[in-house]
Amino acid sequence: MSSTETTSDDDEQHSTTNDDAAPFEAIIEARVLNDFLDPIDAIVEEFRLNLLSDGVSAEVVDPGNIAMARVHLDSDAFESFEVASEGGQLGVPLVKLRELLDFADPGDLVSLSLDQETRKLAVEFDTIDANVALIDTDSLRREPDIPELELPVKVALEGSQYRRGVMLADTVSDYVRFIGDTEAREWRMDADGDTDSRSERFSREDLIEGQVPDDHESLFSTDYLKDLTKPIPDDSEVTLRHATERPVKFDYEIGDGVSVKNMLAPRIEAR
Amino acid sequence: MSSTETTSDDDEQHSTTNDDAAPFEAIIEARVLNDFLDPIDAIVEEFRLNLLSDGVSAEVVDPGNIAMARVHLDSDAFESFEVASEGGQLGVPLVKLRELLDFADPGDLVSLSLDQETRKLAVEFDTIDANVALIDTDSLRREPDIPELELPVKVALEGSQYRRGVMLADTVSDYVRFIGDTEAREWRMDADGDTDSRSERFSREDLIEGQVPDDHESLFSTDYLKDLTKPIPDDSEVTLRHATERPVKFDYEIGDGVSVKNMLAPRIEAR
Amino acid sequence: MSSTETTSDDDEQHSTTNDDAAPFEAIIEARVLNDFLDPIDAIVEEFRLNLLSDGVSAEVVDPGNIAMARVHLDSDAFESFEVASEGGQLGVPLVKLRELLDFADPGDLVSLSLDQETRKLAVEFDTIDANVALIDTDSLRREPDIPELELPVKVALEGSQYRRGVMLADTVSDYVRFIGDTEAREWRMDADGDTDSRSERFSREDLIEGQVPDDHESLFSTDYLKDLTKPIPDDSEVTLRHATERPVKFDYEIGDGVSVKNMLAPRIEAR
């Protein structure tokens, strides 16, 4: 994977300028950088990092086109942050970068600096000095198009409870059903095995916030949800929206500065 | 394993009434329920739960007929406990039930309730609501007959030390010898490997209580003992009785309300 | 592996007297005994223990003749220490001894006593009583000859940083280069992967102590160094000496009484 320069027949949706025009210098706490990388790691092994005037972002989708994330890290979360011109994109080998950051203490200040000529990212912290070769962005999957959707059911729940509902469902089934039930005045996550059933139920009072205008239910893969819910902090508030046989969208924040928007396609049931 | 109703040609030793006549409703701390299930888990993967007026109990034996346990959970250890008529029996899929209880915090109150029609056990705690399909008791191994035995050597030792003696023996041999030695005025657990020997020795003072009327020794499988001693609390007092070439019996308690009686057949030595 | 007596055609470098003349009795804290065994364990699975008037020692080398250690445990680190005549040697089955010591608490006093007739080492602590059959020293690898070497580069660094430099290098390469760089006024550990590089750099100020008279670099296997650096305490001071294309030597201490001298052969680079 040798680094090449972005050619003029750039076919990306994201408006990119030539990579050469995007020098990047930043200093950030290792803990915050890892917070940003966790939700990306749940979906892909390498990604396009967008350099923006207000921070950095990534929009990723899995090979099956089932799970997506848009993750944004605010420039205020950096100790120092400099992008020469908005719109640059770096191809980041996520697995290698994580392996390197494993050597940093959470509070270590990590210095990131792009060498435009060699297309390497210089990464420094404590007494460590490393060069990470970037990936040609042309060789990376395109950024997904996350659609606007009408999703009438909207609930807010705790990160730990959301993840627990997924893990519980997974013990009896490969699928979990998200159900807005107006009669029972509750929102719940149901799973039906061959003989057993499991349910995580949220009555109005259990939910941080809930809005179930009419009955809706939709089925999702527990495997995908296990990966997507892993990075959610236990005490964070997850805002979740769904409808009948449509994707689910859920948003949450990590620390000060990382915001995550996930989307997962439903499993359409055979009838 | 579909649930069927107990038929009239019930061949069990335990006096059972028709299952339909045994509704069961109870509330118990997750921690206490797990304390009850641990020593059963050491021997079987599914078992008959006896519903009694003074609590619940299980009598189990492994497929090889080597290791047995009688475990009793007192009704006082429940927050609430209701059995319509003594003598009912539920076929419990232990592995599935444990997997479900893994989602409970130790202090969660677990509500158990039998649906006689569907033969499912409704299990509820926190925001979780589950149904566990019971197993037809006819398809389960019969309860063992734990015999009365003359076992003159009787010692009491700490749970942690008993387990340590077993683990130590296991490093050099598949067998451990329980020895009451009147001359050395001690009780000990010996293991002899090809070249090495290991011994956990209890002089009169080391034992909580000891009674070695004359010399006795008996050989037991470390594999079985590793499983049986795992659930014993570190600081509990284990009362152990054995004789020459007879089974060993040992009793202990877990928390307030769980009492365990184990029996293990000896390995008869070739001469 | 039956124990035999050392014969008169003893071909060892170490001056040994007849084993029968070397009774050995000692008491030592489990923690200290393990400190002594750790650096030996990094290289071999069985070794010759030298009984000296001022303590015990071991000189070991791996089968490939690449990594060596001389480890000494001072008699003052024992609670009691008695060697009848200096120069005896015991063949210690290290794996078995470690497995036994796993049952000891760090503060347990371990009593060691040689039975000359059976060639077994009696090991006792708490209520445990064990016999470990010794290995015929004639069947063990000879002690290595650790040569005197002119090694002009000499630096002292923290144990945790030394180990981290090795682990970091290992993420991109099988080799790490030790570099004394007079121009950059630093000593560093470099690793070059196919596309990435990793470096742990020590400027004059980062080093506990440094002496780089002129430029020197030498290449070493990360696999060996991972094993050798594992027993080094985080906060210990490691004194390291190397030159161009010569072995590296490094010394450190563990607790009060264990001193370790390691040597590792370089990998000579193809040109």
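No hydrogens, no waters, no symmetry mates; every other heavy atom, side chains included, goes into these values. Every chain is numbered from 1 and lettered A, B, ... according to where its sequence line falls, protein lines coming before strand lines.
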Visitor: Is there side-chain contact between R198(A) and V132(B), with at least one heavy-atom pair below 4.5 Å?
Guide: yes
Visitor: Restricting to non-hydrogen atoms, name the atom on A133(B) and the atom on D196(A) that form the minimum distance, rounded to 0.1 Å.
Guide: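 Answer, listing the atom of A133(B) first, then D196(A): N-OD1, 2.9 Å.
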Visitor: With a sphere of 6.0 Å drawn around CG of D194(A), does it hold more than 12 non-hydrogen atoms of other residues, nucleotides or ligands?
Guide: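 No, the 6.0 Å shell around CG holds no more than 12 heavy atoms from other groups.
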Visitor: Here's a test for you: under side chain to side chain donor-acceptor pair (under 3.5 Å), which of R164(A), R201(A), E186(A) qualifies with T127(B)?
Guide: R164(A)
Visitor: Is any residue of residues 91-99 of chain B within less than 4.5 Å of chain A by heavy atoms, and which ones?
Guide: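 Interface residues of residues 91-99 of chain B: K96(B), E99(B).
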Visitor: If you count every heavy atom of other residues, nucleotides or ligands that lies below 6.0 Å from E82(B) atom CD, does the total exceed 12?
Guide: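 No.
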Visitor: Does NZ in K226(B) sit with more than 12 non-hydrogen atoms of other residues, nucleotides or ligands closer than 6.0 Å?
Guide: yes
Visitor: If you look at every heavy atom in T171(A) and F103(B), which pair is closest and at what distance?
Guide: CG2-CE1, 3.7 Å
Visitor: With a 6.0 Å cut-off (strictly less than), is the heavy-atom count around CZ of R185(A), excluding the residue itself, greater than 12?
Guide: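 No - once you tally the heavy atoms of other residues, nucleotides and ligands closer than 6.0 Å, there are 12 at most.
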Visitor: Between D102(B), N131(B), D126(B), V123(B), which shows the greatest number of heavy-atom pairs under 4.5 Å with chain A?
Guide: N131(B)
Visitor: Give a yes or no on this: more than 12 heavy atoms of other residues, nucleotides or ligands lie within 6.0 Å of atom CD of E45(B).
Guide: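 No, the 6.0 Å shell around CD holds no more than 12 heavy atoms from other groups.
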Visitor: Would you mind checking which part of M189(A) comes under 4.5 Å of any heavy atom in chain B, side chain (CB onward), backbone (N, CA, C, O), both or neither?
Guide: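 Neither; nothing under 4.5 Å.
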